[in-house]
Amino acid sequence: MTPLPRWADVVLLPLLNVVLAFLVGGLIVLAVGQNPLQAVGIMLYGAFGYGSGFGYTLYYTTDFIFAGLAVSLAYHAGLFNIGPEGQAYVAGLGVILIGLALNGMHWALVFPLMIVAGALFGGAWAFVPGYLQAKRGSHIVITTILFNFIATAMMGFLISRVLKPEGVNSDESAPLEAITRVPQLRTFIELFKNSPVNLTFFLAIAALFFVYWLIWRTKFGYAVRALGHNPVAANYAGISNQKLIMIVMAMSGMLAAMVAVNNVGGVQGRLILNFVNGAGFVGIAVAFMGKGHPVGVGLSALLFGILYQGGQELAFQMPGITREMIVTIQALVILFTGAMGDMLRAPLSRLLTRPDATTGAK
Amino acid sequence: MESYLVDITLILDSTVRLAVPLILACMAGLYSERAGIVDIGLEGKLLAGAFAAAAMSAVTGSAWLGLLAGIAAAMMFSGIHGLASITLKGNQTISGVALNFLAAGLTTFLGQSWFKRGGYTPQLSGDQRFNPITLPFANELREVPILGQIYYELISGHNIITYFAFIVVPVTAWVLFRTRFGLRLRAVGENPKAIDTAGISVTRLRFQALVITAVLVGIGGAYLSIAQSAGFNNNMSAGRGYIALAALIFAKWRPGPALLVCLMFGFLDAVQFRIQGQSFPIIGEVPVQAIQALPYVLTVILLAGFIGRAVAPKAAGIPYTKER
């Protein structure tokens, strides 16, 4: 089999896989007697058609960029981090603790500290599986899954027994004052009406550039990619695999942690149960769809932002389709771009190289 | 004294009930992982099996047809897993993760589209479920102290899938360690090249393993929705597939120990409800969440090599490519 031309490998193949995922999704919608094209129309309107819808799209996109980058960064080092969900959840603890400690102070002071505190907690929660993989040989996939469950139990305990103030019925921490919360964009831009998109969105954009720079423009990034491609060779070249695994996992957890800054600091202004709400898992789909490249991650995060916000709209307009259709699409995307990513490679290779054969070129 | 005995019997009885889906999923995973196919997707298959069983049973009124549908759904998922990880040589972990999401999304979506009850299937009753079976003489022996009581409460009065689950374990041990198929299965998980050299198809063996996995985990799913409960509700597998996977690792991929670990995890689940709000000497009140997290924490500690070492089948997770 001749290798694909670079443009086909980088753009065409992933695109075809995504199209395939959506096609299958469309067939499922069709199978239950609904019109998939009408559904797409409603979703696009829901995601872009009006100000607050667009704001929600960007809010979801923010979460998905962080989670997608978390999975991507680890994956470059050959580590499959399934734990951004738990890492973001635990990071919420750091965010709320610093927020409550400085409650009433101006956000300009608290926001950076929230980022640091969240990163510390989320990073630590990812560092442990990294340590266990590097030093004790436990498999990162299994440990990160287990850590998601442990995070759920631990946070459930802390929120309902420790952080919950006296006299409050629902399981949540004390609220942050308005001035301490990360400001939402609607305070500056009329368009966003009552949507929760906040300053963290720009942090997400910055993170995209940062990860690009880190992975492709630094010595550290080169070592990470070397580790991912061939750990034996990397080790031979003098890279300390163990150290790198732990650092990369911690950084991956720090990226996931920013989901907590977005939600705890910028949206709810308090720590509530299960605030991550699956965003960490969406990160897996985003990372595979975006092939781990920040440009791809940004675009896929936007696509999933559209799906999540559009799915909300869809639930109102077409009661036959629930939001869970989005989870199905997410699964199909992971399946076709991740696990079956090379299915179309052979036919595509035949198709693309045939004209060359007639001209005699190789 | 008498009341303590009743209490213990009741806890053990619910231990058995809660352990059944774990045992079935764990044995299912055993076949596939021993054959070299990592199965993160147990959770999804369990969920898909539960949904299909409840949906079919609600529509046809037969628990047995429901059971078949549960197996068929798990089979479909296993088929996709096999296509991705055996035929296309894709990443098994990613495929498993995708299947878990697929099950979570599809069951709720189809459930809402078909039954319009917010993801629940209609309430099942009578022949739509597998009902408790009273073993011979259970009622007569009930009055006999201790032994009669244990027989009545603990051994008798379960549904057919429960008894099946406890039979599966010795059968699996026998198949795995006493038959030619079992030998080949273990070999293909350790050294597929040797199997290939012996002229046996690696692909075929691995697909056979996935079929057995699907049957067992499909039955486990059906147990959740049409034996233990009376219908399907959203995400009712609730991480049991992952717990089963943890149990499998904990038991170092051996059937007997796997049964014990599943019973232990079932026991932890059972005491969870009993200790809520109760205070103990010395340690005081134990938070429910601590008990919930215990199976996961124990597995992490095991994986870290602090209590023995869990070594996976050597070829697990690696697609087999014939040399050309």
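By convention in this document, chain letters (A, B, ...) are assigned in the order of the sequence lines, proteins followed by strands, and residues within each chain are numbered from 1.
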Can you tell which of Ala104(B), Gly90(B), Ser113(B) has the highest number of heavy-atom pairs within less than 4.5 Å of chain A?
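Of the options given, most contacts go to Ser113(B).
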Return the option, out of Val333(A), Val128(A), Ile142(A), Leu146(A), with the maximum number of heavy-atom pairs under 4.5 Å with chain B.
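The answer is Leu146(A).
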Please rank Val141(A), Leu132(A), Ile145(A) by heavy-atom pairs under 4.5 Å with chain B and give me the top one.
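Of the candidates given, the most pairs with chain B belong to Ile145(A).
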Is the number of heavy atoms from other residues, nucleotides or ligands within 6.0 Å of OH (Tyr120(B)) greater than 12?
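Not buried by this count: 12 neighbours or fewer within 6.0 Å.
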Heavy-atom cut-off 4.5 Å, strictly under: side chain, backbone, both or neither for [X] against chain B?
X         : result
Ile82(A)  : side chain
Phe281(A) : both
Phe80(A)  : side chain
Ser160(A) : side chain
Ile284(A) : side chain
Phe288(A) : side chain

Within the 4.5 Å heavy-atom criterion, are Ile94(B) and Tyr75(A) side-chain neighbours or not?
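Yes. Closest side-chain heavy atoms under 4.5 Å.
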Can you find a heavy atom in the side chain of Val32(A) that is under 4.5 Å from one in the side chain of Trp114(B)?
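Answer yes - side chains close enough.
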Please look at [X] and chain A and tell me whether the side chain, the backbone, both or neither of the residue comes under 4.5 angstrom of a heavy atom of that chain.
X         : answer
Ile291(B) : neither
Val38(B)  : neither
Ile243(B) : neither

Roughly how far apart are [X] [atom1] and [Y] [atom2], rounded to 0.5 Å?
X         : Y         : atom1 : atom2 : result
Leu99(B)  : Ile334(A) : CG    : CD1   : 10.0 Å
His139(A) : Thr93(B)  : NE2   : OG1   : 6.0 Å
Asn234(B) : Glu324(A) : CG    : CD    : 6.5 Å
Lys89(B)  : Asp342(A) : NZ    : CG    : 11.0 Å
Gln289(B) : Arg161(A) : CD    : CZ    : 6.0 Å
Ile249(B) : Ser138(A) : CD1   : OG    : 10.0 Å

Which atom names give the shortest non-hydrogen contact between Phe149(A) and Gly239(B), and what distance separates them?
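Taking every non-hydrogen atom into account, CZ-CA, 3.9 Å.
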Qualifying residues under side-chain contact (heavy atoms from CB on, under 4.5 Å), relative to Thr213(B), sequence neighbours excluded:
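Only Ala28(B), Tyr31(B), Ser32(B), Asp39(B), Leu42(B), Lys45(B) meet the side-chain contact (heavy atoms from CB on, under 4.5 Å) criterion with Thr213(B).
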As a quick check of understanding, evaluate side chain to side chain contact (heavy atoms under 4.5 Å, CB included) for Thr328(A) and Phe101(B), giving each step before the final call.
CA-CA 7 Å; Thr328(A) 310; Phe101(B) 289 128; over 6 Å; no
Report, in residue-number order, which members of residues 73-88 of chain B are under 4.5 Å from chain A by heavy-atom distance.
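Within residues 73-88 of chain B, near chain A: Ile80(B), Leu83(B), Ala84(B), Leu88(B).
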